[in-house]
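One structure is given below, encoded as structure tokens.
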Protein chains: 2
Amino acid sequence: MVEDEESLGYLLSEYLGMKGFQVTWAKDGEEALELMEKGNFDLAILDVMMPRMDGFALAERMRINAMELPFLFLTARSLKIDVLKGFALGAVDYLKKPIDEEELVVRIHTLLSRLIPEDRSMEQEILVLGQYQLDCKNQKLIFEDDFTTLTTREMELLRILAINKNNLCTHKEILIKLWGDNDYFNRKSLNVFITRLRNYLKKDDTLKIENVHGKGFILRIPNIA
Amino acid sequence: MVEDEESLGYLLSEYLGMKGFQVTWAKDGEEALELMEKGNFDLAILDVMMPRMDGFALAERMRINAMELPFLFLTARSLKIDVLKGFALGAVDYLKKPIDEEELVVRIHTLLSRLIPEDRSMEQEILVLGQYQLDCKNQKLIFEDDFTTLTTREMELLRILAINKNNLCTHKEILIKLWGDNDYFNRKSLNVFITRLRNYLKKDDTLKIENVHGKGFILRIPNIA
DNA sequence: ACAGGCTCTTAATCTTTCATTAACCATTTT
DNA sequence: AAAATGGTTAATGAAAGATTAAGAGCCTGT
């Protein structure tokens, strides 16, 4: 929750805590962005009217920093233009003040129940990567008649890159999925694994793991017509 | 849409149809249930106050009949107890009358994008700039078969200009959005980036980044008839 | 219990990238 | 003409990334 106002912030964080949510209260946009870097949140509640960086600007910055965190706005400004702007920025809800705490709670529950169930249980077993094949279940990377046995981490990383081939996978996304936490050391680990995968994949020189500075990686696999 | 009132029902179904939705209008709960039996719907919009069977009762019946159709309520009764009851029944949203049609549209879009999993259009933002395409997620500026990887700042700046194509983007607006602060040095930085973008874009000489002295910049893209 | 593989993390070091700043010139406004 | 604003190019330094090697756990079998 990002809320500059002491009284409302206190009231809401206490109330939501009482209702079983784990709430972290940031008092301005800067603080919020720092906290979000760590990454372990399910939903952000942003006040629109804040002195230094308003909620809209914060949402914009979140997008720029590639935070894939759903957010909703709280605001007294119920002008139509603001509501539309809010949704245009990608908000999942837009609540007008005065906030009714109980309503907020049920709306959060509704949103979370829609947002969290992201089960990827039905994944493909064998992914084709250029001249390679990745057998996820057996953790084999197959090239012609030969194969390498990958470690669990290597396989999971390659699998994420492969599923999103030719599309950016952000550090955050990868780290949260594989390490459960986005910090300095895990990020270093990730680099080591990227190097390993690059080595494994160099038999097919059309495959490239590209880096997008400050953002993440892209496994580039040329599309053959 | 289930709405007993002639005028509002007509207005809304027309408006939503105009906005590209395929709308079926049921005038009471019974009719709604029949239609739902056979029809393939994505979302139900239920008025709460209806004479024979109200929206809540209808939602209850839908649950009993195991219809797994997401629904939202429209109502003039904004009593807290009603809002809570609405969500308790499984509503995905609860909108208070008077309805603002535009807000309704964006809320429906937001809901559908969350509810229909295959919708990846949100992330795949690709803007067309003359002969170029800007792939925002991957930070690529594509020209024919070739592409350049842009830095984050370059991409964000070009994105803002592109979204407001042929319209002025003020320095202030840009600086607040990308740098979070509007001062002398950031402004100098902005100039450097504008120069870079002009370089990237010169393969299509119909594209121009114009300066409006003392105000800001305009990305001019001729509209082809 | 402990030796020997594995696997992952941490460290150390080197390379690359990119936003910023500076320096200087051009253009526009007053 | 002076002052302010805008444009371009290049240098700089901090941050991010790449690579290699060493260290720390963790199984497994004896």
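Just so it is clear, the model here is predicted, and its values are computed rather than measured. Numbers restart at 1 for each chain; the letters A, B, ... are given by sequence-line order, proteins then strands.
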Return the value, rounded to whole Å, for the distance between atom CZ of R196(B) and atom P of dT8(D).
13 Å

Identify whether any heavy atom of T195(B) sits under 4.0 Å from a base atom; if not, whether one sits that close to sugar-phosphate; answer base, sugar-phosphate or nothing.
base

Ion pair K96(A)/E103(B), N-O distance below 4.0 Å
yes

Measure from CZ on R153(A) to C1' on dG25(D) and round the result to the nearest Å.
13 Å

May I ask you to check whether over 12 heavy atoms, not counting those of K165(A), lie within 6.0 Å of atom NZ?
no

How many whole angstroms separate atom CD1 of I209(B) from atom P of dG7(D)?
10 Å

Does E156(B) come within less than 4.0 Å of K215(A), counting only side-chain N to carboxylate O?
no

Describe the nucleic acid contact of S189(B) in one word from base, sugar-phosphate, nothing, applying a heavy-atom distance below 4.0 Å.
base

What are the two closest heavy atoms between E6(A) and W25(A), and how far apart are they?
O-CH2, 3.4 Å

Grab the CG-C1' distance between N191(B) and dT9(D) for me, whole Å please.
13 Å

Rounded to the nearest Å, what distance is computed from the CZ atom of residue F193(A) to the C1' atom of nucleotide dT20(D)?
15 Å

Quick one: closest heavy-atom pair of F73(A) and L89(A), and the distance?
CZ-CD1, 4.3 Å

When rounded to the nearest 0.5 angstrom, what is the spacing between CZ in R153(B) and CG in L178(B)?
6.5 Å

Which donor-acceptor pairs under 3.5 Å do the side chains of residues 187-201 of chain A make with protein atoms, sequence neighbours left out?
residue, atom, partner, partner atom, Å
R187(A), NH2, H171(A), ND1, 3.4
T195(A), OG1, N191(A), O, 3.2
R196(A), NH1, E154(A), OE2, 3.4
R198(A), NE, I209(A), O, 3.2
R198(A), NH2, I209(A), O, 2.8
N199(A), OD1, K202(A), NZ, 2.6
Y200(A), OH, E154(A), OE1, 3.3
Y200(A), OH, E154(A), OE2, 3.1

Round to a whole Å and report the spacing from NE2 of H213(A) to C1' of dA18(D).
12 Å

Of all nucleotides in DNA chain C that come within under 4.0 Å of a heavy atom of chain B, which is furthest toward the 5' end and which toward the 3' end?
dC18(C) to dT29(C)

Could you pull out the closest heavy-atom pair between Q139(B) and T152(B), with the gap in Å?
OE1-OG1, 3.3 Å

Whole-Å distance separating the CG atom of L190(A) from the C1' atom of dT19(D):
14 Å

Which atom pair, heavy atoms only, marks the closest approach of D54(A) to V48(A)?
CB-O, 3.0 Å

d(NZ, K215(A); C1', dA15(D)) in whole Å
15 Å

Interface with DNA chain C, restricted to residues 166-188 of chain B and to heavy atoms under 4.0 Å:
W179(B), F185(B)

